[in-house]
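A quick note: this is a predicted structure, and the numbers were derived from the prediction, not measured. Within every chain, numbering begins at 1; the chains are lettered A, B, ... in the order of the sequence lines, protein sequences first and strands thereafter.
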There are 4 protein chains.
Amino acid sequence: MSHNTFGHLFRVTTFGESHGPALGCVVDGCPPLIPLDAADIQAELDRRRPGQSRFTTQRREPDEVRILSGVFTDERSGRQVTTGTPIALLIENVDQRSKDYGEIRETYRPGHADYTYDAKYCIRDYRGGGRSSARETAARVAAGAIARRILPGIAIRGAVVKIGPHEVDRSRWDWDEVDRNPLFCPDARTAELWAEYLDGIRKDGSSIGAVVEVVAEGVPVGLGAPVYGKLDADLAAALMSINAVKGVEIGDGFAAAELRGEENADEMRPGNSGAPVFLSNHAGGILGGISTGQPIVARFAVKPTSSILKPRATINRAGEAADIVTKGRHDPCVGIRAVPVGEAMLACVLADHYLRHRGQVGERAPG
Amino acid sequence: MSHNTFGHLFRVTTFGESHGPALGCVVDGCPPLIPLDAADIQAELDRRRPGQSRFTTQRREPDEVRILSGVFTDERSGRQVTTGTPIALLIENVDQRSKDYGEIRETYRPGHADYTYDAKYCIRDYRGGGRSSARETAARVAAGAIARRILPGIAIRGAVVKIGPHEVDRSRWDWDEVDRNPLFCPDARTAELWAEYLDGIRKDGSSIGAVVEVVAEGVPVGLGAPVYGKLDADLAAALMSINAVKGVEIGDGFAAAELRGEENADEMRPGNSGAPVFLSNHAGGILGGISTGQPIVARFAVKPTSSILKPRATINRAGEAADIVTKGRHDPCVGIRAVPVGEAMLACVLADHYLRHRGQVGERAPG
Amino acid sequence: MSHNTFGHLFRVTTFGESHGPALGCVVDGCPPLIPLDAADIQAELDRRRPGQSRFTTQRREPDEVRILSGVFTDERSGRQVTTGTPIALLIENVDQRSKDYGEIRETYRPGHADYTYDAKYCIRDYRGGGRSSARETAARVAAGAIARRILPGIAIRGAVVKIGPHEVDRSRWDWDEVDRNPLFCPDARTAELWAEYLDGIRKDGSSIGAVVEVVAEGVPVGLGAPVYGKLDADLAAALMSINAVKGVEIGDGFAAAELRGEENADEMRPGNSGAPVFLSNHAGGILGGISTGQPIVARFAVKPTSSILKPRATINRAGEAADIVTKGRHDPCVGIRAVPVGEAMLACVLADHYLRHRGQVGERAPG
Amino acid sequence: MSHNTFGHLFRVTTFGESHGPALGCVVDGCPPLIPLDAADIQAELDRRRPGQSRFTTQRREPDEVRILSGVFTDERSGRQVTTGTPIALLIENVDQRSKDYGEIRETYRPGHADYTYDAKYCIRDYRGGGRSSARETAARVAAGAIARRILPGIAIRGAVVKIGPHEVDRSRWDWDEVDRNPLFCPDARTAELWAEYLDGIRKDGSSIGAVVEVVAEGVPVGLGAPVYGKLDADLAAALMSINAVKGVEIGDGFAAAELRGEENADEMRPGNSGAPVFLSNHAGGILGGISTGQPIVARFAVKPTSSILKPRATINRAGEAADIVTKGRHDPCVGIRAVPVGEAMLACVLADHYLRHRGQVGERAPG
């Protein structure tokens, strides 16, 4: 992960600010002959798009994506496919309304990157957070849509599992439910509870944190490059790089600190297919930085949106004391729209490791 | 982070297995004229060295480090200093006793990387876990000792903050205490409790998880390279890459999911030095991936040692069911010796970002 | 240099095909506060633009560049400056006329990358060479325009020094002349000779090779990162990566093979400024991979355009024998327009090493 | 190529100075199950070893290599094989005699990197050139020995083709002859001429430049990663990074500047194996940065050894004028021992691209 690029063989570079003319990405190293057209990517973008419910920012962005390069018609199938060359994706910003942000021009919003960008670069694009805006994550989702297509037989899904103090009830977990409510909640009853809770938060002019879980099923054993390119290390970086994320865990994560060795180590039994059957998945599908063949399970904590209507003490660019109230259009719980972003990052990391493994070891069957 | 190398300008490459002839690292990109001799590195290695108390493995390794390259006498000072060229460090393995591991030659230990390495590479060095052994972390500590010396005015410290269900009492936190007990515990009373608790675990032939906290004070504002080279993203990868780590959090971490916006966003007030004073540090010293000037605070969860005396169900290389008891010398709580390793990784990440920031922005004062 | 990205701290990623909707680049890691607007970049692009004389392809491309991100108004100066975040540049393709290329859809043009792209990827964008087209170099020139602005006091210039058998007369070398003739020739008399020679080549339906020289003056001593990131190694890769380049040399280059040690090693004498005065520059400004403070001098050989009107034996996609004549609009000597491209690559390499040196060593004066 | 590391999937990091305790390398990313023992590497090192004839330096270094990690016994074959983890190789320096170099402690040798290292780092290991010594190339040869073993069916050979003004007679080219004479000359008669010529150079206390050609046969079509990771771009960097190299060319190289399009573009005809037959190889086996399946042919120019017995004008560290005569043990033509080094670099670049291609495209047959 280097500045605005991540990945080794499947490499994603993103660009663009919240209120600039456009944002986008270049996806390099994609295998050729992968069927890909704009609609494939658009479907993923639409899941992250703002303004779709009262629980997300009311900014209206169509987030319409154009493919600028890297695809061509395959004469054999008549389909548009990747050519192996860099795929550039462009999303124009439409609903910029930058006057909303005039008030933060001189004053740093607590919890935002306003102060740190200015201190680092001595210049910042104050319109909507500029480069530090969560709007950048649209480009990640677009890249993730490509990553998904090169992972044969791998299903990547995500859900919100906690909002404020309210955790999902795992006994009622239903993946299909995630797409039926605007909160990416896998349990219909919890979704109702959250909706009510969030209405209170929103009316209060406040915001709240959340925890998101992402899962990849069908990952073959053997992905990961020890010891610094471990699959979980790359995944930790990828998820921590998402705006507002403050923690990442794999499998049991922090709960593993309370386990004894005999509780934690997943036992194995011979399976029918040659691969072992694991009797549990405390490891979250990764041992020694390498995938075990079990589902990869990761969670990340998202802090509450820092833009709130409550007045907060801060300073301005001149270093003077000031108070600030952040008006404008904001997500009361930015963790909600982080679900497709987390899925996208997981997809990109897996795609990269899938290619890296194939590079080092070839295509022979594992074990 | 790419295979066995991490860092961009301050780059660390490690090599070596638990029971091979030697392990070590190459540190590349170090600034010149940094005073450095083997004793500087040895002091850090001695903090991680096994066999120093009944709470760590009884393997006796002197972990004596040799500097093979990258240093020379500075005629001005008469001191040995870095030359700007790669610094190779070598640690010979002495107490290998590999016969202890004969029993795991054919059988995969649950919770270890035995199965995944074998499935990925179709070959593994079964002696003590080979490359996946925590012994590799000696090389990280050695590299971290160099990293510390190039960070002017930055103090990096760590402590165990939780073992099993027992958390440290933060009201009694005393950094000086950390070096006085063999558990890296910042609170003498908790240290006693943990010692007793661990004796029980050890006698039981079991093991237990832990949480480690690492803190960097004196970090200047402005370190970090958004948006994929964020300071916290690189830190998450660095800490997650440590053996047995299953979770990483920055500042409030997962607790931030339960906070409201007005609780979480650290307020600012004008400070005397030109830099702001923050009224809290929920952010753990990082906003938008860039250091704020506050202490950087990170925690990581370490799972219990997987080598235990309790019999566990597993399979062998032939895919047949087997039971395994892991004899040999093991840490009952591998989280303890992870403290100097976590500090080293934090030091290396900061050193890298210190140089990267200087490269992009130069040496002007921030803000 | 990795796929479509080059540079470490100053990183350039390009995308786009000859006949796709657009091409462009993302420049990442640029220092902040560098004055930059589209006109700065346009000026460089205009030097490379096709269709400006009878000696270059008659394709009419305005090569109009848009800055999509990474710049903002500096309130202190009122100027648009870089913000330290990724700068995306976009150039739309206008004059595509892809029907011209219908005939090469099934047949591989000798000397082109048609066969190798197809063999590697099993798919290729046959329209104008797709990604392998020299049109990609527009993005390099745009990136180079940014690189130039971050190199204080460094002048980067280039010239054609040989076309076919006809070398420039160095005794009449005049840098100002380079911009006065359409052949980037530093000698008016040779320019006339070349023009006549090229008219013959063109009428003959043929093409011819060339040698280009690029020079950077004002480069400080100390840039370069031994031993694999040597300044000349990075420069060799950068120049060799330009379409149709088959050779690169630094200073005396291949002529050095005929020199004796006492002829080749540039003697030094004390200079007034503290830095030495070199009595010659056989080294081309680089010793041990590090700049000496003398002008950096590099040359590269460009093969003749492979698209010619002479029929050539080849095969088609089905593996059958075929003959091909490449109609369409082509440069009779592609080396001519390679001059601004070579300058751009030199600028990018120097910018990267300037930042890398500052990162490792800081801003102290050398030596 | 970044400081002291090169390659993406097959990565080589080297360390060590001419007169330090040891030098060596870490080879990371090597596929598993490649048979490898020290003798395999030693055989290559012995070809580069100094002191084997009167035409190379009389320094006596056994260059005995030890494998420190990354290999283990394969129980199936009983052979020692690679495990997929980093392979560390160590070569101890034996014949250091550093007193020979006392005289250059304060005085910069023209043509060497003495001045540039000191100006860049403000410190240098003056003993034998320290890190800038050609002794570092032993580590490259060791890495290359591993690279060769992972390239199935590829033969990599090299020869000196020119010493001073004397070129080899290609009509008498005999690869077997290269190993029969101490000059790596493919033509016995030219070898005699060169020996006589070099005796004169040596008696004169002078030195002379050379050109080396390296060739890889059996390279499959499709290796190379356009457009900045082109096979020839990576090769140019790899060869230019060798000490004393001032020029690199592929195929016809600089001679291509004098060719017409119809002379240069290699015609194709259907072949028996499905792959085309090329009627010539002006391209040196690479088109558009991707291998064609023809032999890869590269040449590099090596400047004369800068250490000579002729007095030369220079300055000392204090900036004062001085004269210098470089006594000690030196190669009269450092190009000779560059042959195995050039082969090694070619092998490493091909190994890296072989793995990268397999990563992006998989193992299907080309085209």
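Only the side chain of C:Leu90 comes within contact range of chain A, with heavy atoms under 4.5 Å apart. Interface residue C:Arg124: only backbone heavy atoms are found under 4.5 Å from chain A. Interface remark: A:Thr83 contributes backbone and side-chain atoms alike to the contact with chain C (heavy atom separation under 4.5 Å).
A distance of 6.0 Å separates CZ of A:Arg76 from SG of C:Cys122, quoted to the nearest 0.5 Å. A distance of 10.0 Å separates CG of C:Leu68 from CG of A:Asn93, quoted to the nearest 0.5 Å. Taking CG of A:Leu89 as the start and CZ of C:Phe15 as the end, the distance is 9.5 Å to the nearest 0.5 Å.
The side-chain heavy atoms of C:Ser69 and A:Arg131, taken from C-beta on, include no pair separated by under 4.5 Å. By the 4.5 Å heavy-atom criterion applied to side chains, A:Ile123 and C:Val81 are counted as neighbours.
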Point to revise | Residue pair C:Val26, A:Asn4: steps toward the side chain to side chain contact (heavy atoms under 4.5 Å, CB included) verdict | key: CA-CA 10 Å; C:Val26 182; A:Asn4 295 281; over 6 Å; no
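Across all non-hydrogen atoms, the minimal contact from A:Gly70 to C:Glu17 is N-OE2, 2.8 Å. Here the closest heavy-atom approach between residue C:His3 and residue A:Gly29 is recorded as ND1-CA, 3.6 Å.
No more than 12 heavy atoms of other residues, nucleotides or ligands lie within 6.0 Å of CD in A:Glu64, so this atom counts as exposed by the packing criterion.
Of the listed residues (C:Leu23, C:Val71, C:Asp28), the greatest number of heavy-atom pairs within a distance under 4.5 Å of chain A belongs to C:Asp28.
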